[in-house]
Amino acid sequence: MKATTLSRIEGKLRPALLRVLPECWAVRLYSSGRKHFLKALANETVEDSFLPPKNLSRNLWGMEFQSPLMNAAGMFKNGECYEMSAFQGAGAYLGGSGTWDARSGNVKNCFRTPFIPYPKSGAASNFLGLPNDGDLRNAQRACEIERVPGCPIGWSVAASTSIHEGERLKRVVDGLKLYMDAGVDFGEGNRSCPNTEPGKPKPYDLEVERRDLRYISENLLKRRERKFPVVMKYSNDTPHEQIPALMDTLFELGFDGVNFGNTSIQYEVHRDKIHPHERQLYNYFSTMFGGGVSGRPLKETSLELAAGAAAYVRAGAPSQEFHVFRTGGIDSWKDIEDSEAAGISMNQWFTGYFENLAQDGHNVYRRLFEEAA
Ligand SMILES: Cc1cc2nc3c(=O)[nH]c(=O)nc-3n(C[C@H](O)[C@H](O)[C@H](O)COP(=O)(O)O)c2cc1C
(Lines give C-alpha, C1' and ligand atoms only; values in the text may rest on other atoms or scores of the structure.)
Protein backbone atom coordinates (compact mmCIF):
# COMPACT_ATOMS: atom_id res chain seq x y z
CA MET A 1 0.00 0.00 0.00
CA LYS A 2 1.26 3.51 -0.82
CA ALA A 3 2.54 5.53 2.16
CA THR A 4 0.17 8.40 1.36
CA THR A 5 -2.84 6.03 1.24
CA LEU A 6 -1.77 4.52 4.54
CA SER A 7 -1.37 8.01 5.99
CA ARG A 8 -4.90 8.94 4.83
CA ILE A 9 -6.43 5.88 6.52
CA GLU A 10 -4.29 6.21 9.64
CA GLY A 11 -5.08 9.95 9.77
CA LYS A 12 -8.79 9.15 10.06
CA LEU A 13 -8.27 6.50 12.73
CA ARG A 14 -5.62 8.38 14.68
CA PRO A 15 -7.78 10.48 17.06
CA ALA A 16 -9.82 7.42 18.11
CA LEU A 17 -6.74 5.22 18.34
CA LEU A 18 -5.00 7.67 20.64
CA ARG A 19 -8.06 7.84 22.87
CA VAL A 20 -8.19 4.10 23.53
CA LEU A 21 -4.51 3.14 23.61
CA PRO A 22 -2.67 3.35 26.93
CA GLU A 23 -0.18 6.23 26.76
CA CYS A 24 2.92 4.06 26.75
CA TRP A 25 1.60 1.92 23.87
CA ALA A 26 0.65 5.00 21.88
CA VAL A 27 4.18 6.42 22.22
CA ARG A 28 5.71 3.08 21.30
CA LEU A 29 3.46 2.71 18.26
CA TYR A 30 4.05 6.23 16.92
CA SER A 31 7.77 6.32 17.69
CA SER A 32 8.41 3.28 15.51
CA GLY A 33 5.52 3.87 13.08
CA ARG A 34 6.92 7.29 12.17
CA LYS A 35 10.18 5.74 11.00
CA HIS A 36 8.49 3.02 8.93
CA PHE A 37 6.19 5.57 7.38
CA LEU A 38 9.07 7.85 6.36
CA LYS A 39 10.89 4.92 4.79
CA ALA A 40 7.82 4.06 2.73
CA LEU A 41 7.28 7.72 1.79
CA ALA A 42 10.86 7.98 0.51
CA ASN A 43 10.07 5.24 -2.04
CA GLU A 44 7.08 7.06 -3.50
CA THR A 45 7.03 9.13 -6.64
CA VAL A 46 4.73 12.08 -7.32
CA GLU A 47 2.83 11.23 -10.47
CA ASP A 48 1.15 14.58 -11.00
CA SER A 49 3.80 17.17 -10.24
CA PHE A 50 2.63 20.65 -9.19
CA LEU A 51 4.19 23.90 -10.33
CA PRO A 52 3.11 26.66 -7.91
CA PRO A 53 1.66 29.83 -9.51
CA LYS A 54 4.47 32.14 -10.65
CA ASN A 55 3.30 34.95 -8.34
CA LEU A 56 4.20 32.82 -5.29
CA SER A 57 7.85 32.45 -6.27
CA ARG A 58 10.56 34.64 -4.77
CA ASN A 59 14.21 35.37 -5.22
CA LEU A 60 16.36 35.05 -2.12
CA TRP A 61 20.11 35.62 -2.33
CA GLY A 62 19.89 35.38 -6.13
CA MET A 63 18.13 31.98 -6.07
CA GLU A 64 14.59 31.22 -7.18
CA PHE A 65 12.35 29.64 -4.53
CA GLN A 66 9.22 28.47 -6.38
CA SER A 67 6.91 29.05 -3.38
CA PRO A 68 6.93 30.59 0.14
CA LEU A 69 6.77 27.25 2.00
CA MET A 70 9.24 24.40 2.48
CA ASN A 71 9.90 21.57 4.92
CA ALA A 72 11.44 22.28 8.34
CA ALA A 73 14.59 20.56 9.61
CA GLY A 74 14.23 17.05 10.97
CA MET A 75 11.78 15.75 8.37
CA PHE A 76 14.35 14.42 5.93
CA LYS A 77 17.37 13.93 8.13
CA ASN A 78 19.37 11.87 5.65
CA GLY A 79 18.48 13.63 2.42
CA GLU A 80 15.34 11.66 1.60
CA CYS A 81 12.44 12.92 -0.54
CA TYR A 82 14.06 15.85 -2.40
CA GLU A 83 12.36 15.17 -5.71
CA MET A 84 9.07 14.40 -3.97
CA SER A 85 9.16 17.76 -2.15
CA ALA A 86 10.07 19.70 -5.30
CA PHE A 87 7.30 18.00 -7.32
CA GLN A 88 4.76 18.63 -4.54
CA GLY A 89 5.52 22.36 -4.84
CA ALA A 90 7.90 23.10 -1.94
CA GLY A 91 9.79 26.39 -2.28
CA ALA A 92 13.01 24.71 -1.19
CA TYR A 93 14.21 21.56 0.52
CA LEU A 94 16.01 21.26 3.84
CA GLY A 95 18.07 18.18 4.76
CA GLY A 96 19.18 17.39 8.31
CA SER A 97 19.74 18.34 11.02
CA GLY A 98 22.98 16.59 10.46
CA THR A 99 25.73 16.19 13.03
CA TRP A 100 29.40 15.41 12.52
CA ASP A 101 29.06 11.95 14.06
CA ALA A 102 26.32 9.49 13.09
CA ARG A 103 23.76 9.33 15.90
CA SER A 104 21.06 6.78 16.63
CA GLY A 105 19.03 9.23 18.73
CA ASN A 106 17.72 9.19 22.28
CA VAL A 107 16.68 6.11 24.19
CA LYS A 108 14.81 6.66 27.43
CA ASN A 109 13.07 4.02 29.54
CA CYS A 110 13.46 1.60 26.61
CA PHE A 111 11.73 4.00 24.18
CA ARG A 112 13.86 4.81 21.13
CA THR A 113 13.47 8.27 19.53
CA PRO A 114 10.16 9.00 21.28
CA PHE A 115 7.48 10.82 19.28
CA ILE A 116 3.74 11.37 19.66
CA PRO A 117 1.20 13.34 17.60
CA TYR A 118 -1.84 15.15 19.06
CA PRO A 119 -4.08 15.23 15.96
CA LYS A 120 -7.03 17.05 17.53
CA SER A 121 -4.66 19.80 18.65
CA GLY A 122 -2.59 19.93 15.43
CA ALA A 123 0.47 19.40 17.61
CA ALA A 124 3.16 16.84 18.47
CA SER A 125 5.97 16.16 20.94
CA ASN A 126 9.31 14.60 20.15
CA PHE A 127 12.44 13.60 21.99
CA LEU A 128 14.43 12.30 19.03
CA GLY A 129 17.91 13.62 19.87
CA LEU A 130 19.14 14.27 16.31
CA PRO A 131 19.35 10.77 14.82
CA ASN A 132 21.14 10.92 11.48
CA ASP A 133 23.84 9.15 9.46
CA GLY A 134 26.46 11.87 10.02
CA ASP A 135 27.64 14.76 7.85
CA LEU A 136 30.19 12.83 5.78
CA ARG A 137 27.64 10.31 4.53
CA ASN A 138 24.92 12.90 4.05
CA ALA A 139 27.14 15.37 2.20
CA GLN A 140 27.82 12.56 -0.29
CA ARG A 141 24.09 12.06 -0.64
CA ALA A 142 23.56 15.80 -1.09
CA CYS A 143 26.14 15.72 -3.88
CA GLU A 144 24.09 13.14 -5.76
CA ILE A 145 20.75 14.96 -5.61
CA GLU A 146 19.60 16.15 -9.02
CA ARG A 147 18.21 19.69 -8.81
CA VAL A 148 14.67 20.63 -9.84
CA PRO A 149 14.57 24.31 -10.94
CA GLY A 150 12.96 26.55 -8.30
CA CYS A 151 13.72 24.21 -5.40
CA PRO A 152 17.11 25.03 -3.85
CA ILE A 153 18.65 22.68 -1.33
CA GLY A 154 19.55 23.75 2.20
CA TRP A 155 21.07 21.66 4.96
CA SER A 156 20.66 22.08 8.70
CA VAL A 157 23.64 21.31 10.92
CA ALA A 158 23.62 20.93 14.70
CA ALA A 159 26.22 20.46 17.41
CA SER A 160 26.46 16.91 18.67
CA THR A 161 26.59 16.38 22.42
CA SER A 162 28.38 13.07 21.90
CA ILE A 163 31.41 15.03 20.67
CA HIS A 164 33.77 16.54 23.24
CA GLU A 165 32.55 20.04 24.16
CA GLY A 166 35.75 21.74 23.06
CA GLU A 167 35.41 20.31 19.56
CA ARG A 168 31.67 20.68 18.97
CA LEU A 169 31.57 24.03 17.28
CA LYS A 170 34.53 23.20 15.05
CA ARG A 171 32.58 20.17 13.86
CA VAL A 172 29.51 22.28 13.13
CA VAL A 173 31.68 24.43 10.88
CA ASP A 174 33.29 21.33 9.33
CA GLY A 175 29.81 19.93 8.65
CA LEU A 176 28.56 23.14 7.02
CA LYS A 177 31.72 23.21 4.89
CA LEU A 178 31.07 19.66 3.72
CA TYR A 179 27.58 20.58 2.54
CA MET A 180 28.89 23.76 0.92
CA ASP A 181 31.53 21.73 -0.95
CA ALA A 182 28.83 19.23 -1.92
CA GLY A 183 27.02 22.01 -3.80
CA VAL A 184 24.20 22.62 -1.28
CA ASP A 185 22.67 26.08 -1.84
CA PHE A 186 22.35 27.35 1.74
CA GLY A 187 23.03 26.28 5.32
CA GLU A 188 20.97 26.45 8.49
CA GLY A 189 22.63 26.38 11.91
CA ASN A 190 20.43 24.73 14.53
CA ARG A 191 21.05 26.70 17.74
CA SER A 192 18.06 25.37 19.56
CA CYS A 193 17.58 21.60 19.79
CA PRO A 194 15.89 20.96 23.16
CA ASN A 195 16.46 17.21 22.91
CA THR A 196 20.21 17.01 23.20
CA GLU A 197 20.70 19.48 26.03
CA PRO A 198 17.63 18.76 28.12
CA GLY A 199 16.15 21.70 29.90
CA LYS A 200 18.75 24.14 28.59
CA PRO A 201 17.12 27.35 29.72
CA LYS A 202 16.13 30.26 27.55
CA PRO A 203 16.90 33.16 27.45
CA TYR A 204 20.06 32.57 25.46
CA ASP A 205 23.31 33.50 27.11
CA LEU A 206 24.09 36.28 24.67
CA GLU A 207 27.78 36.28 25.44
CA VAL A 208 28.10 32.58 24.61
CA GLU A 209 25.94 33.09 21.53
CA ARG A 210 28.14 35.95 20.34
CA ARG A 211 31.30 33.93 20.94
CA ASP A 212 29.96 30.93 18.98
CA LEU A 213 28.61 33.06 16.14
CA ARG A 214 31.95 34.85 15.88
CA TYR A 215 33.69 31.47 15.56
CA ILE A 216 31.33 30.41 12.75
CA SER A 217 31.77 33.76 11.05
CA GLU A 218 35.57 33.68 11.17
CA ASN A 219 35.94 30.05 10.22
CA LEU A 220 33.20 29.73 7.64
CA LEU A 221 31.44 32.91 6.54
CA LYS A 222 34.58 34.92 5.90
CA ARG A 223 36.23 32.05 4.05
CA ARG A 224 33.42 31.22 1.63
CA GLU A 225 34.61 31.04 -1.95
CA ARG A 226 31.12 30.91 -3.39
CA LYS A 227 27.68 32.10 -2.45
CA PHE A 228 26.50 29.94 0.46
CA PRO A 229 24.02 31.86 2.63
CA VAL A 230 23.84 30.73 6.26
CA VAL A 231 20.71 31.18 8.40
CA MET A 232 20.68 30.64 12.18
CA LYS A 233 17.65 28.92 13.73
CA TYR A 234 16.60 29.81 17.27
CA SER A 235 13.94 28.53 19.61
CA ASN A 236 10.31 29.57 19.62
CA ASP A 237 10.98 30.10 23.33
CA THR A 238 13.37 32.98 22.61
CA PRO A 239 12.27 36.01 24.66
CA HIS A 240 11.20 38.84 22.39
CA GLU A 241 13.58 41.24 24.18
CA GLN A 242 16.57 39.24 22.89
CA ILE A 243 15.74 39.86 19.23
CA PRO A 244 17.68 43.15 18.90
CA ALA A 245 20.90 41.77 20.41
CA LEU A 246 20.71 38.54 18.39
CA MET A 247 19.97 40.39 15.18
CA ASP A 248 22.74 42.96 15.71
CA THR A 249 25.22 40.13 16.21
CA LEU A 250 24.00 38.26 13.11
CA PHE A 251 24.17 41.46 11.01
CA GLU A 252 27.62 42.41 12.25
CA LEU A 253 29.13 38.95 11.79
CA GLY A 254 27.88 38.54 8.23
CA PHE A 255 25.08 35.96 8.64
CA ASP A 256 22.44 35.85 5.92
CA GLY A 257 19.27 35.15 7.84
CA VAL A 258 17.47 33.99 10.94
CA ASN A 259 14.76 31.39 11.55
CA PHE A 260 12.21 31.46 14.42
CA GLY A 261 12.05 28.78 15.30
CA ASN A 262 12.47 25.42 16.85
CA THR A 263 10.24 23.41 19.19
CA SER A 264 9.25 24.67 22.64
CA ILE A 265 9.80 23.30 26.12
CA GLN A 266 7.19 25.52 27.77
CA TYR A 267 4.89 22.61 28.59
CA GLU A 268 2.70 24.54 31.03
CA VAL A 269 2.15 27.42 28.61
CA HIS A 270 1.00 25.10 25.80
CA ARG A 271 -1.13 22.74 27.90
CA ASP A 272 -4.27 24.85 27.39
CA LYS A 273 -3.88 24.59 23.62
CA ILE A 274 -3.92 20.79 23.75
CA HIS A 275 -7.38 19.27 23.20
CA PRO A 276 -8.83 17.88 26.47
CA HIS A 277 -8.93 14.35 24.95
CA GLU A 278 -5.18 14.53 24.32
CA ARG A 279 -4.07 16.27 27.48
CA GLN A 280 -3.38 13.10 29.43
CA LEU A 281 -1.10 11.87 26.66
CA TYR A 282 0.59 15.28 26.55
CA ASN A 283 1.17 15.21 30.30
CA TYR A 284 2.53 11.67 30.07
CA PHE A 285 5.01 12.55 27.32
CA SER A 286 6.13 15.84 28.89
CA THR A 287 6.73 14.19 32.24
CA MET A 288 8.36 11.02 30.92
CA PHE A 289 10.56 12.51 28.18
CA GLY A 290 10.25 16.28 28.16
CA GLY A 291 11.12 16.85 24.51
CA GLY A 292 9.97 19.62 22.21
CA VAL A 293 6.40 20.68 21.50
CA SER A 294 5.60 21.47 17.86
CA GLY A 295 2.61 22.46 15.76
CA ARG A 296 -0.33 24.79 16.28
CA PRO A 297 0.60 25.87 19.85
CA LEU A 298 3.61 27.66 18.26
CA LYS A 299 1.64 29.57 15.62
CA GLU A 300 1.48 32.89 17.48
CA THR A 301 5.00 32.85 18.89
CA SER A 302 6.60 31.98 15.56
CA LEU A 303 4.73 34.87 13.92
CA GLU A 304 5.54 37.32 16.71
CA LEU A 305 9.24 36.44 16.77
CA ALA A 306 9.72 36.29 13.00
CA ALA A 307 7.66 39.47 12.47
CA GLY A 308 9.74 41.22 15.16
CA ALA A 309 12.92 40.10 13.42
CA ALA A 310 11.64 41.23 10.01
CA ALA A 311 10.74 44.66 11.44
CA TYR A 312 14.23 44.87 12.92
CA VAL A 313 15.77 44.11 9.52
CA ARG A 314 13.69 46.88 7.92
CA ALA A 315 14.67 49.37 10.60
CA GLY A 316 18.38 48.60 10.63
CA ALA A 317 19.01 47.22 7.13
CA PRO A 318 22.32 45.34 7.32
CA SER A 319 24.76 45.65 4.42
CA GLN A 320 24.24 41.98 3.39
CA GLU A 321 20.99 40.56 1.97
CA PHE A 322 19.30 39.19 5.09
CA HIS A 323 16.13 37.06 5.25
CA VAL A 324 13.79 36.02 8.04
CA PHE A 325 12.31 32.52 8.04
CA ARG A 326 9.31 31.47 10.13
CA THR A 327 8.76 27.95 11.51
CA GLY A 328 6.13 26.83 14.00
CA GLY A 329 2.46 25.98 13.67
CA ILE A 330 2.10 26.67 9.96
CA ASP A 331 -0.75 24.64 8.51
CA SER A 332 -2.90 26.94 6.36
CA TRP A 333 -2.74 29.63 3.69
CA LYS A 334 -3.75 32.20 6.32
CA ASP A 335 -0.40 31.57 8.03
CA ILE A 336 1.46 32.31 4.82
CA GLU A 337 -0.61 35.49 4.36
CA ASP A 338 0.27 36.62 7.89
CA SER A 339 3.95 35.97 7.18
CA GLU A 340 3.83 37.87 3.89
CA ALA A 341 2.18 40.85 5.60
CA ALA A 342 4.96 40.85 8.22
CA GLY A 343 7.75 40.82 5.62
CA ILE A 344 8.85 37.23 6.40
CA SER A 345 10.69 35.76 3.41
CA MET A 346 10.16 32.03 3.82
CA ASN A 347 8.07 29.60 5.89
CA GLN A 348 8.85 26.09 7.02
CA TRP A 349 6.45 23.43 8.26
CA PHE A 350 6.75 20.06 9.91
CA THR A 351 3.77 19.04 12.05
CA GLY A 352 1.27 20.78 9.75
CA TYR A 353 2.83 19.13 6.69
CA PHE A 354 2.14 15.64 8.00
CA GLU A 355 -1.37 16.57 9.16
CA ASN A 356 -2.14 17.95 5.68
CA LEU A 357 -0.39 15.06 3.92
CA ALA A 358 -2.79 12.70 5.68
CA GLN A 359 -5.70 14.55 4.03
CA ASP A 360 -4.32 15.69 0.71
CA GLY A 361 -1.57 13.18 -0.11
CA HIS A 362 0.90 14.54 -2.65
CA ASN A 363 -1.41 17.51 -3.26
CA VAL A 364 -0.31 18.86 0.11
CA TYR A 365 1.16 22.13 -1.26
CA ARG A 366 -1.31 22.40 -4.17
CA ARG A 367 -4.33 22.36 -1.82
CA LEU A 368 -2.80 24.92 0.52
CA PHE A 369 -1.91 27.30 -2.33
CA GLU A 370 -5.38 26.86 -3.84
CA GLU A 371 -6.70 28.68 -0.76
CA ALA A 372 -4.78 31.71 -2.08
CA ALA A 373 -6.80 31.89 -5.27
C1 LIG B 1 10.02 14.73 14.95
C2 LIG B 1 10.71 16.06 14.87
C3 LIG B 1 12.06 16.15 14.61
C4 LIG B 1 12.70 17.39 14.50
N5 LIG B 1 14.04 17.45 14.21
C6 LIG B 1 14.63 18.67 14.04
C7 LIG B 1 15.99 18.76 13.66
O8 LIG B 1 16.67 17.77 13.42
N9 LIG B 1 16.52 20.01 13.55
C10 LIG B 1 15.81 21.16 13.77
O11 LIG B 1 16.34 22.27 13.63
N12 LIG B 1 14.51 21.08 14.12
C13 LIG B 1 13.92 19.87 14.25
N14 LIG B 1 12.60 19.81 14.59
C15 LIG B 1 11.84 21.07 14.76
C16 LIG B 1 11.17 21.50 13.47
O17 LIG B 1 12.10 21.74 12.45
C18 LIG B 1 10.32 22.76 13.69
O19 LIG B 1 11.17 23.80 14.06
C20 LIG B 1 9.27 22.57 14.79
O21 LIG B 1 8.68 21.30 14.68
C22 LIG B 1 8.19 23.65 14.68
O23 LIG B 1 7.55 23.58 13.43
P24 LIG B 1 6.10 22.90 13.26
O25 LIG B 1 5.22 23.55 14.26
O26 LIG B 1 5.73 23.17 11.84
O27 LIG B 1 6.27 21.45 13.53
C28 LIG B 1 11.94 18.57 14.69
C29 LIG B 1 10.57 18.50 14.97
C30 LIG B 1 9.94 17.26 15.04
C31 LIG B 1 8.46 17.21 15.32
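Whatever order the structure lists ligands and atoms in, that order sets their numbers, starting from 1.
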* Asked: Run the side chain to side chain donor-acceptor pair (under 3.5 Å) check on Ser156 and Asn190 step by step: do they pass?
  -> CA-CA 6 Å; Ser156 163; Asn190 176 0; 4.8 Å; no
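Of the heavy atoms in Asn236, none comes closer than 4.0 Å to ligand 1. At a heavy-atom cutoff of 4.0 Å, ligand 1 is contacted by the side chain of Lys233 but not by its backbone. By the criterion of a heavy-atom distance under 4.0 Å, the side chain of Asn190, and not its backbone, is placed next to ligand 1.
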Would you list the atom pairs, donor with acceptor, under 3.5 Å between side chains in residues 173-185 and any protein atom, with sequence neighbours excluded?
{"unit_1": "Asp174", "atom_1": "OD2", "unit_2": "Lys170", "atom_2": "NZ", "d": "2.8"}
{"unit_1": "Asp174", "atom_1": "OD2", "unit_2": "Arg171", "atom_2": "NH1", "d": "2.9"}
{"unit_1": "Tyr179", "atom_1": "OH", "unit_2": "Asp135", "atom_2": "OD1", "d": "2.7"}
{"unit_1": "Tyr179", "atom_1": "OH", "unit_2": "Trp155", "atom_2": "NE1", "d": "3.4"}
{"unit_1": "Asp185", "atom_1": "OD1", "unit_2": "Arg147", "atom_2": "NH2", "d": "3.4"}
{"unit_1": "Asp185", "atom_1": "OD2", "unit_2": "Arg147", "atom_2": "NE", "d": "3.0"}
{"unit_1": "Asp185", "atom_1": "OD2", "unit_2": "Arg147", "atom_2": "NH2", "d": "3.2"}
{"unit_1": "Asp185", "atom_1": "OD2", "unit_2": "Ile153", "atom_2": "N", "d": "2.7"}

Compile the donor-acceptor pairs under 3.5 Å between side chains in residues 214-223 and protein atoms, sequence neighbours left out, one pair per line.
{"unit_1": "Ser217", "atom_1": "OG", "unit_2": "Leu253", "atom_2": "O", "d": "2.7"}
{"unit_1": "Asn219", "atom_1": "ND2", "unit_2": "Tyr215", "atom_2": "O", "d": "2.8"}
{"unit_1": "Arg223", "atom_1": "NE", "unit_2": "Glu218", "atom_2": "O", "d": "3.3"}

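Atom numbering of ligand 1 starts at 1 in the shown order; those under 4.0 Å from a heavy atom of Thr263 are 15 (C), 20 (C), 21 (O). Listed by number with element, the atoms of ligand 1 under 4.0 angstrom from any heavy atom of Leu128 are 1 (C), 3 (C). Set against the non-hydrogen atoms of Trp349, the atoms of ligand 1 under 4.0 Å away are 26 (O).
Under the 3.5 Å distance criterion, the side-chain polar atoms of Asn132 are matched with a main-chain donor or acceptor of Leu130. With hydrogens and angles disregarded, no donor-acceptor distance shorter than 3.5 Å links the side chain of Arg34 to the backbone of Phe115.
The closest approach between Lys77 and ligand 1 falls below 4.0 Å for a heavy atom of the residue. Proximity of Gly261 to ligand 1 is established by a heavy-atom distance of less than 4.0 Å. Under a 4.0 angstrom heavy-atom cut-off, Gly328 registers as being in contact with ligand 1.
Considering backbone and side-chain atoms together, Ala73 places an N or O closer than 3.5 Å to an N or O of ligand 1.
For the ring pair (Phe, Tyr, Trp, His ring centres under 6.0 Å) test with Tyr234, the passing option among Phe325, Phe255, Tyr204 is Tyr204; the others fail.
Seen from the ring of Tyr282, Arg271 does not count as a face-on cation partner, given the 6.0 Å and 45° thresholds.
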